**Q** 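Sharing a structure below in structure tokens format, with a few things to ask.
Everything quoted here is computed from the prediction, not taken from an experiment. First the proteins, then the strands, lettered A, B, ... as listed; each starts at 1.
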2 protein chains.
Amino acid sequence: MADVARLAGVSTATVSRALRQPEIVSPEMRSRIDEAIERLSYRRNLVAGALASASSMTVGVIIPSIINSFFAATIEALEEGMAGSGYQLMLGNTGYSPEVERQLVSSFLAWSPAAMVLTGRRHESETVRALLMSRIPVLEMWELSDHPVDMIVGFSHRSVGQIVLRHFAERNACRLGFIGAYMDKDYRTADRHAGFVETAVQAGYAAPVEIRLPERASAMGGAHGLRELMARDPKVDAVFCSNDMIALGALFEARRLGLNVPSQLKICGFGDLEFAAACEPPLSTVRPPGRQIGFQIAKLLRARLEGSIDAGGCFDLGVELVPRAST
Amino acid sequence: MADVARLAGVSTATVSRALRQPEIVSPEMRSRIDEAIERLSYRRNLVAGALASASSMTVGVIIPSIINSFFAATIEALEEGMAGSGYQLMLGNTGYSPEVERQLVSSFLAWSPAAMVLTGRRHESETVRALLMSRIPVLEMWELSDHPVDMIVGFSHRSVGQIVLRHFAERNACRLGFIGAYMDKDYRTADRHAGFVETAVQAGYAAPVEIRLPERASAMGGAHGLRELMARDPKVDAVFCSNDMIALGALFEARRLGLNVPSQLKICGFGDLEFAAACEPPLSTVRPPGRQIGFQIAKLLRARLEGSIDAGGCFDLGVELVPRAST
DNA sequence: CAGGTGTGTGAAAGCGCTTTCATTCTGGTG
DNA sequence: CACCAGAATGAAAGCGCTTTCACACACCTG
């Protein structure tokens, strides 16, 4: 930068200003500086900038799993929403472990990011403390909370279970089943389950037959789950799968079992993953606002980083039932 | 750090050493320093460290798409392989655009990462120049090349097409079809296609009927693709789908069309995504070494960063045909 | 025309670490 | 016992930027 300043005949302060806030530098200076940068093919060192300004044009994003395509849509939208702002996303995944989350937060914060985005509302207290101490905007996502660390944008997983139950009731389901994966780790799945079961009982149903898969959601798990479910109670005629991937496996397994979907067995998933509409029969599911979450976060982040807002809050983006032929 | 040094009664140099290379500090000092760190709940500032040492414990990883679960497995394995090394992955995705890739490389390099990992072997010349100038280890992945920037680990996409063709021939396919997505952007798909078509012609087949989907691989695209393919030539009895997601859609569409798989129509995919084994019929596919790529990269990276190796090279991890009932 | 206001620029003091170099202190060696 | 190699430590000079503060200059006002 000193070289650039020398060649352009200005001070490094002016070069720095031309790079960060071009509008406060006179056009003449700006063009001389641009030319010098070009000639020297100067690349600025963001590390030094971050140290000097005590903030790096970086946003730390932490998700439970990169394999889970739920969050991929959010991240893609977030990236689109932040494009052109100069901010760079830094991704980390926790593998659904709060402890790994704490470590990630701690090492991300050591990079003095401009903001942090976390998944979910439950964190170790140490994580929350570190986040609060950093005094940067914090966004939680994919859930709702009355007491967010700062801002949270998502939807109610309980209401997902509720919506599915009502849908099953409308379609005259008699005996309910549920297949969920990884429920001890992924408490959002547990919330959907709770919403489903509560509402079922309120509506006068017998408690749903439950299969809890120990591993992460998978089609294979869904297939095995359905087989076990039907073995446990052959009268089940409506299954809520906590995830479309599980529903996909269940759909195939139903075929292997010779069960007609939807007349003998109704299957509803969650996620509205891309393949849901392409299945045979097309898969009924609940669509979470994956991309909207990303856009909303980008919007809030930009507003906050520009200083135009400063309040925290909870943003409920809702979900949508997508009824198709599998129910 | 100065506070820690004062409390421990040592110099900041010693604190720094205790943090970076504990083994060269006497045990007594180390414990005094650890205690001071604890008492002050000191968090080190990695930005300052990166500036002073001109290198950050960061590895930049660039993939074409975060939604594409192919690369997710690699990244997960890479993360596992680097765990405990203190290096942090920084993820970026290009959306299959070489121009975005160049920008990402440029902004990642501004963070002075310890190494860079890119997807594929084709990059803008400016990208390669920037990479070479940075003098850090560079890993390309998911392909092979005689002239890698530095190191490359992957497999031959052409041979995937070849393997599928041979498999179809063994199963007595007569008339071939191909469904590929995004082939103008994703040249790896184009390579698989080329291998398939070349080998088909060599083996005496008529040129396969081809459907090129303009968008990214999707089950919906696969379903539409198969419909169009069969409309174009009803005699097609074996389809190679460039991606398991497409194959999934094709499988469902075959059912809608009343075509029995595999007796009337054989379907083979690529990727061995998790659901492939759960389909009905289970999906034949070719399994790329997704996780192995990640582990191998971690191994090479660690060796290189420790200085124990310094040669570049090309590592072919091969692929495996996974014949199932859909062929 | 003195006094105020606003704009654009430069000097220089950091930001919080790392690392070189010099120094001190050990314990062995001939 | 003088000498030296080796280990452990400290002083201090950066790393390459950003930003505060001061200043110069133009432009208005009454």
**Q** Do Arg216(A) and Ser65(A) have side chains that get closer than 4.5 Å, going by heavy atoms?
**A** yes
**Q** Round to the nearest Å and state the distance from Arg6(B) atom CZ to dC17(C) atom P.
**A** 12 Å
**Q** Please determine, for the side chain of Ser11(A), which listed nucleotide (dC17(C), dG10(C), dG8(C)) has the closest atom?
**A** dG10(C)
**Q** To the nearest Å, how far apart are Ile24(B) CD1 and dG6(D) C1'?
**A** 13 Å
**Q** Is a donor on one side and an acceptor on the other found under 3.5 Å between the side chain of Thr12(B) and the backbone of Met1(B)?
**A** no
**Q** Could you state the CE-P distance from Met1(A) to dC17(D), rounded to the nearest angstrom?
**A** 5 Å
**Q** Is Glu306(A) salt-bridged to Arg302(A), cutoff N-O under 4.0 Å?
**A** no
**Q** Is it true that a side-chain atom of Arg121(A) and a backbone atom of Pro148(A) form a donor plus acceptor pair closer than 3.5 Å?
**A** no
**Q** Quickly work out the Met57(B) CE to dC17(C) P distance and round it to whole Å.
**A** 16 Å
**Q** Regarding Val15(B), tell me which of base, sugar-phosphate or nothing describes its non-hydrogen contacts under 4.0 Å with the strands shown.
**A** nothing
**Q** So, the side chain of Ser107(A) versus the backbone of Gln103(A): is there a donor-acceptor pair under 3.5 Å, distance only?
**A** yes
**Q** Figure out the CG/C1' separation between Leu19(A) and dT18(D), and round it to whole Å.
**A** 11 Å
**Q** Write out all pairs satisfying side-chain hydrogen bond (donor to acceptor under 3.5 Å, both in side chains) with one or both partners inside residues 128-139 of chain A, taking only residues at least two apart or from two chains.
**A** Glu126(A)-Arg129(A)
**Q** Could you tell me the separation between the CD atom of Glu28(B) and the C1' atom of dC25(C), rounded to a whole number of Å?
**A** 14 Å
**Q** What are the atom names and distances for every N/O pair under 3.5 Å that joins the protein to nucleotides 19-22 of chain C?
**A**
{"from": "dT19(C)", "atom 1": "OP2", "to": "Arg20(B)", "atom 2": "NH1", "distance (Å)": "3.0"}

**Q** Over all strands shown, is Val10(A) touching base, sugar-phosphate only, or nothing at heavy-atom distances under 4.0 angstrom?
**A** sugar-phosphate
**Q** Between Arg44(A) and dT18(D), is there a contact of a side-chain N or O with OP1 or OP2 at under 4.0 Å?
**A** yes
**Q** Whole angstrom is fine here: how far is it from CD1 in Ile37(A) over to P in dC17(D)?
**A** 10 Å
**Q** From CG of Leu51(A) over to P of dG14(D), roughly how many Å is that when rounded to an integer?
**A** 17 Å
**Q** Under 3.5 Å, is there a donor-acceptor pair between the side chain of Arg30(A) and the main chain of Val25(A)?
**A** yes
**Q** Classify the nucleic acid contact of Val47(A) as base, sugar-phosphate or nothing, counting any heavy atom under 4.0 Å across all strands shown.
**A** nothing
